[in-house]
Every structure is written in structure tokens, then in C-alpha cells.
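These figures come from a predicted structure and were not determined experimentally. Counting starts at 1 for both ligands and their atoms, in listed order.
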Amino acid sequence: MRGKFITLEGMDGAGKSTHIPDIIKLLESKGVEVISTREPGGTVLGEQLRTLLLNEPMHPETETLLMFAARREHIAQIIEPALARGAWVLSDRFTDATYAYQSGGRGVLANKVIELEVWVQGNLQPDLTLLFDVPVEVSVARLANARTPDKFERESAEFFTKIRNAYLDRANKNPSRFCIINSNQALDKVKVEVKNIISTL
Ligand code: TMP
């Protein structure tokens, strides 16, 4: 039986990555093989593209194309083979991030993202997307305390407002796939929300 594809999304500073080890444990306790991966990245080439994407200034459409180039490799090498053999794939970000950051944040036309999505993914879509949501001020304050910020993490509150709105818009348009998690509460409470959602799978 084909595996399930779960993605984690949210603004920088929303705290999504903290939950990955727990989600892996919860899924493994169901007896499934879990592949944990990330975007941009997940393959040798994808990780090289990630270094460029997170550090080099570039045209917003170049950024979009490189995100999808990394994604094409990721799907071909990691995601599709894993799902086909019945493994579950947990990806820290996927195409919703391109809609949020490159389209919402940078202003790349959504139609161009849709074209690339169809080309690169065919029918592949996540079965479940957990959107870790926090107010922009919280995300910006968390990032101020973080290690050396990358190109995206150095962006303004105005940019992050666009990202958040674009994510919430995606979630509202795809309610059967998205679960919005209030990540602006005590970590234990967020963990309970995550556990409850994963236990329904
Ligand atoms: P991370 O900090 O969650 O590892 O993600 C790396 C950065 O890449 C994050 O700031 C969001 C950005 N990103 C995009 O702008 N577009 C995309 O399609 C993806 C997957 C990530």
C-alpha cells in the first residue's frame, strides 16, 4: 500500500522543526517506515541548491525555479520511491512554502507557480499539511534571538505578514488537507495538538 505524505509549514520562527522528532516517534509507533526530509534540500543536489537559495541574492523567479529544481530531484530520488514502497514521508516544507514565500512574499505570479507545480509534481500532493501558525511579532521576536539569520530570516515584519497571510489563505482554500496549529502557546500544549492530529491518521 502506498505511504502517506505529510508536510510541515509555517513562517520562520513558527517552531515547526521542534516537533519533528515527536512526529517521527508517533508515526513509527504505528509500525510504518518514516522518511524525514526537508525542502529546499533532501538530496545532495538539493542541499547544494539550499545553500545558494538561503544565502545568495537572486531574482524572485530564479528563486522560484531553483526551489522547483530542488523539488524535482527530491521527488524523483526520495519522495516517490518512499511512498511507492509504502513508507511515510515527513517533509519539513514543500510547495505551500513556494506559494507563501515566492508568490505571497516576493510577488511571483501564482499562475507561474501553478504551472511549475503541475510540471514538477503531476498529481503528487501532501495527504496532510500541518501549518504552525504564530503572530508575526512572535516570529520576528523568536528570530531576533536565533543564530545567524539566513537570507529569509533577515526579512522584514512586512514580508512575514505576507507569508503568514499567504499560508492562511492556502489553508482556507484546502481545508481537507491543512491542519492549522496554534504555535503561540506553551510547547506542551502545541505537542498535544500535534499528537491529536497524528493519532487520527
Ligand atoms: P527552513 O528554515 O524551514 O529550513 O526553510 C528554509 C527557508 O527556505 C525558509 O526561510 C523558507 C524558504 N523556502 C522558500 O522560500 N520557498 C520554498 O519553496 C521552500 C521549500 C522554502
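- Taking F152 as the reference, Y101 meet the ring pair (Phe, Tyr, Trp, His ring centres under 6.0 Å) condition, with sequence neighbours excluded.
- One hydrophobic cluster, built from ILVMFWY side chains closer than 4.5 Å, holds both V34 and L128.
- Considering both main-chain and side-chain atoms, E39 never comes within under 3.5 Å of ligand 1 through any nitrogen or oxygen pair.
- From the protein, the heavy atom lying nearest to atom 10 (O) of ligand 1 is D12 OD1, 2.8 Å.
- The nearest non-hydrogen atom to atom 17 (C) of ligand 1, considering only M11, M67, R50, E153, comes from M67.
- The N/O atoms of R38, backbone and side chain alike, include none that comes under 3.5 Å of an N/O atom in ligand 1.
- Counting only non-hydrogen atoms, the option in G10, A14, A97, S103 that gets closest to atom 19 (C) of ligand 1 is A97.
- Nearest non-hydrogen protein atom to atom 5 (O) of ligand 1 is R93 NE, 3.0 Å.
- Residue K16 approaches ligand 1 through these ligand atoms, each under 4.0 Å from one of its heavy atoms: 3 (O).
- Taken to the nearest 0.5 Å, the OG atom of S17 stands 9.5 Å off from the CD1 atom of I23.
- In this structure, E117 CD and N111 CG are separated by 11.5 Å, a value rounded to the nearest 0.5 Å.
- Distances below 4.0 Å separate heavy atoms of R71 from the following atoms of ligand 1: 18 (O), 20 (C).
- Of all protein heavy atoms, the one lying nearest to atom 18 (O) of ligand 1 is T98 OG1, 2.6 Å.
- For H19, the ring pair (Phe, Tyr, Trp, His ring centres under 6.0 Å) criterion is met by F132, not counting sequence neighbours.
- In this structure, atom 16 (N) of ligand 1 lies nearest to the protein heavy atom Q102 OE1, 2.8 Å.
- Contact annotation for P40 and ligand 1: heavy atoms of both the backbone and the side chain come within less than 4.0 Å of the ligand.
- Note: E56 CD to L66 CG = 11.0 Å, rounded to the nearest 0.5 Å.
- Residues R38 and H74 come closest through the heavy atom pair O-CE1, 3.6 Å.
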**Q.** Intermediate values then yes/no, side chain to side chain donor-acceptor pair (under 3.5 Å), T7 and T129
**A.** CA-CA 5 Å; T7 59; T129 298; 2.8 Å; yes
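- The shortest N or O to N or O distance between D150 and ligand 1 is not under 3.5 Å.
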